[in-house]
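Following: one structure in structure tokens, then a few remarks.
Atom set for the values below is all heavy atoms of this structure, side chains included, hydrogens, waters and symmetry mates excluded. First the proteins, then the strands, lettered A, B, ... as listed; each starts at 1. Quick caveat: nothing in here was measured; it's all calculated off a predicted structure.
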Amino acid sequence: MKKWILSATIYLLVVVGAYYGITAVTGPSEDPTHSNMEQHDN
Amino acid sequence: MSGKIIENQFQVTGMTCAACATRIEKGLKKMDGVQDANVNLALEKAMVKFDSNVMGPTDIQKKIRDLGYDVVTEKKELVLTGMTCAACATRIEKGLNKLDGVIQANVNLALEKALVEFDSSVISLKDMIRKVEDLGYGAMVKSVENDKEAVDHRQKEIEKQQGKFIFSAILSLPLLWAMFGHFSFTSSLYVPEALMNPWVQMALATPVQFFIGKQFYVGAYKALKNKSANMDVLVALGTSAAYFYSVYLAIQTIGNSTHSVGLYFETSAILITLIILGKLFEARAKGKSSEAIKKLMGLQAKTATVLRDGREEIVPLEEVISGDILLIKPGEKIPVDGEVIEGSSAIDESMLTGESVPVDKTIGDKVIGATLNKNGFIKIKATKVGKETALAQIIKVVEEAQGSKAPIQRMADSISGIFVPIVVGIAVITFLIWYIWVDPGNFAEALEKLIAVLVIACPCALGLATPTSIMAGSGRSAEYGILFKGGEHLEKTHSVNTVILDKTGTITNGAPVLTDVITEQNEVEFLSLVGSAEKQSEHPLAQAIVEGIKDKSIDLNDVTDFENIPGYGIKAVVDGKTVLVGTRRLMKQNNVNVENILAKMEDLEKQGKTAMLVAIDGSFAGLIAVADTIKETSTGAIKRMKEMGLQVIMITGDNQQTANAIAKQAGVDHVIAEVLPEGKAEEVKKLQAEGKIVAMVGDGINDAPALATADIGMAIGTGTDVAMEAADITLIRGDLNSIPDSILMSHITMRNIKQNLFWALAYNTIGIPIAAIGLLAPWLAGAAMAFSSVSVVLNALRLQKVKL
């Protein structure tokens, strides 16, 4: 169980960390996304 | 229309000459669908070519049996792995049934087992395992070790699914967070910038889609390879559509940072997470539904104290052999079935019979393994060990019943078999309607509806509805001492409206006891003379008299001369006195005047008693009567049956007068008396011809044909093995209350199955249109689907708590 929790958490941190690392180097980008739920919401 | 022509070989027994072979051959050839039949007397084999659309191997087996012969088959259980839904079970079942030599294969999704009846001269277990593996699943022969492996495997599977769920949830929750950030009512919710990035979303969704979701792709591939479809196909299609469309949209954003897109990564990831959660709950609940068997197995003692070479030895249960002398102290479990050879004690048999009052056992009485010795020290001789014991037999019957299919399941099977292609069709039509008419050109919207339809329509609840209820229902019944031999009997019992009860051994105790002593002489002296004389006779009535006299602590003397006069009675010389015991004719033959007592004698006979006249030294001395007594519980049980609206009939070979007397005492209104043993089955047929659904309850070998003829045959477990073999239900308790209990249990189980089928079908039939008109987001569809399977299993588990 621990193995699964640990690997998912590390992976999540690496992905998010990589994003902030890259944006720190290249500068922040405009947010191009919105969820599909927005369509229902509007 | 002619279907596939199949040639099957059957091992036939019971043929004695060429005429038998010809008879079978002719009988088989007359059957609709049989193209050719060839019976080889020397090899004892029948080769039959038949149209599989018209008939099956079971019909041929039945025909051979109807002709008076038998077919040798073997029954084995295979432990299966890798099944995900009802369609998988149906595929394995179809695959096995297609094999030559397989008479019948039943796959139980909930138990993950296949019960295969096959002709071992045609096919081996290895061939069947290979077939299952070819279909993309795992199989092994069921043994104690494999059972343990299967339990371990299930436990490991639960742990693995738990891990996968947590992994999946950790990566999906940030996606859900991002999604909620876009609702107007949650607009104030802070969403980290990183989670709004399409590439971050893709990085989080990808492992969920392909690593966690691999099982769905593998399952779908296996199904499609075998030209069928299952829930994996639906899940793989739905989530892939969401995932790959989002990837396409993400790629569109490259070099176009102002292009705003609606992504569906959270849809695919959350769907997979929820489906894994549903499977996890399902696996846990499935484990619980086989608890009845685990409970039964747990009843067994682990060790036994054996007397060998005059020494007490504690040995593991497996080392006890038939004939061993076992010592059982108060509070200990009786290790195996046996006979008491020393001591006496009260034995608690509630774990097997549900009967709460301990039963007194003394020398010569039989004891059952796994029951509890309450207060006395007893020595028993082991008579049945290992697979022969009553407990092992009970476990076998319960396992077979749990693994069998109820006819109602055929409906669910046929629906789930065609469900997936239909659903894919509906999903595509939904997509086209949305894309072309409702919201022209809006690909994303149409795709979302397609995904929701695919996901809500998974027929997993439908596949689980019947087997889980059958498992729980038959398991719970076993705890009450009611053993249903198969799901079909559990289903049919609730429609019974007429119950025929055999008299001797069923309504009554089956053993005559001394009831009346009428004499004007000294009773002790009178009984001592009668008992001494009857001691020499082996007639059951004589034995009842002797037992009755011994119970009064009256001493018996030696007999100097003894003569048994068949049909009349006995003549003996005791202490120099000539004692005659017997009928009116015996008295008349010996010129004994019995005129004054005849009225009393008739009175006793009207009460269903057997009265015998006694003369000492040529003069009338008294009258004694014996009778088979009614079981304490019979009257109450018959009243219960009548209150349930059942017609209760007593059947017996006794004369009308005796039969009426017993029936009156027991509260039975309808009596069929003076029936020869072979006539009982005829009486059952007569009632069936009147449109009655008949349950026959009996205990003796002579009841076996009637038990087999009746719609439901119930054997009293205290009776003979033959009766139990012929019956559909074995009532371990001798108590007739088990009859209304079994009918009630059948009612409750059927109601549970119908509830399950209703909910399973309702989820799909209501869910599909709701999803198609766009009122159900895909992630909600996933949650509803997971909930449907879990609710069906939980509803079935309620049967484990039923109180009768």
**Asked** Is it true that atom OH of B/Y248 has more than 12 heavy atoms of other residues, nucleotides or ligands lying nearer than 6.0 Å?
**Response**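 No, the 6.0 Å shell around OH holds no more than 12 heavy atoms from other groups.
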Are side-chain heavy atoms of [X] and [Y] found at a separation under 4.5 Å?
{"X": "A/M1", "Y": "B/E159", "value": "no"}
{"X": "B/F167", "Y": "A/L6", "value": "no"}
{"X": "B/P192", "Y": "A/V16", "value": "no"}

**Separation of B/I170 CD1 from A/S7 OG (nearest 0.5 Å)** = 8.0 Å
**Complete:** Bottom line for B/L173: the part with an atom under 4.5 Å from chain A's heavy atoms is neither
**Message:** Within the 3.5 Å criterion, strictly below it, is a donor on A/Y19 or B/E193 matched to an acceptor on the partner's side chain?
**Reply:**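 Indeed, the side chains of A/Y19 and B/E193 share at least one donor-acceptor pair under 3.5 Å.
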**Message:** How close do B/K164 and A/W4 get, counting heavy atoms only, and between which atoms?
**Reply:**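 Taking every non-hydrogen atom into account, CG-CH2, 3.7 Å.
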**Asked** Of all heavy-atom pairs between B/A203 and A/Y11, which one has the smallest distance, and what is that distance?
**Response**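 So the two residues come closest at O-OH, 2.6 Å.
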**Message:** Heavy-atom pairs under 4.5 Å with chain A: which of B/A169, B/P207, B/S168 has the most?
**Reply:** B/P207
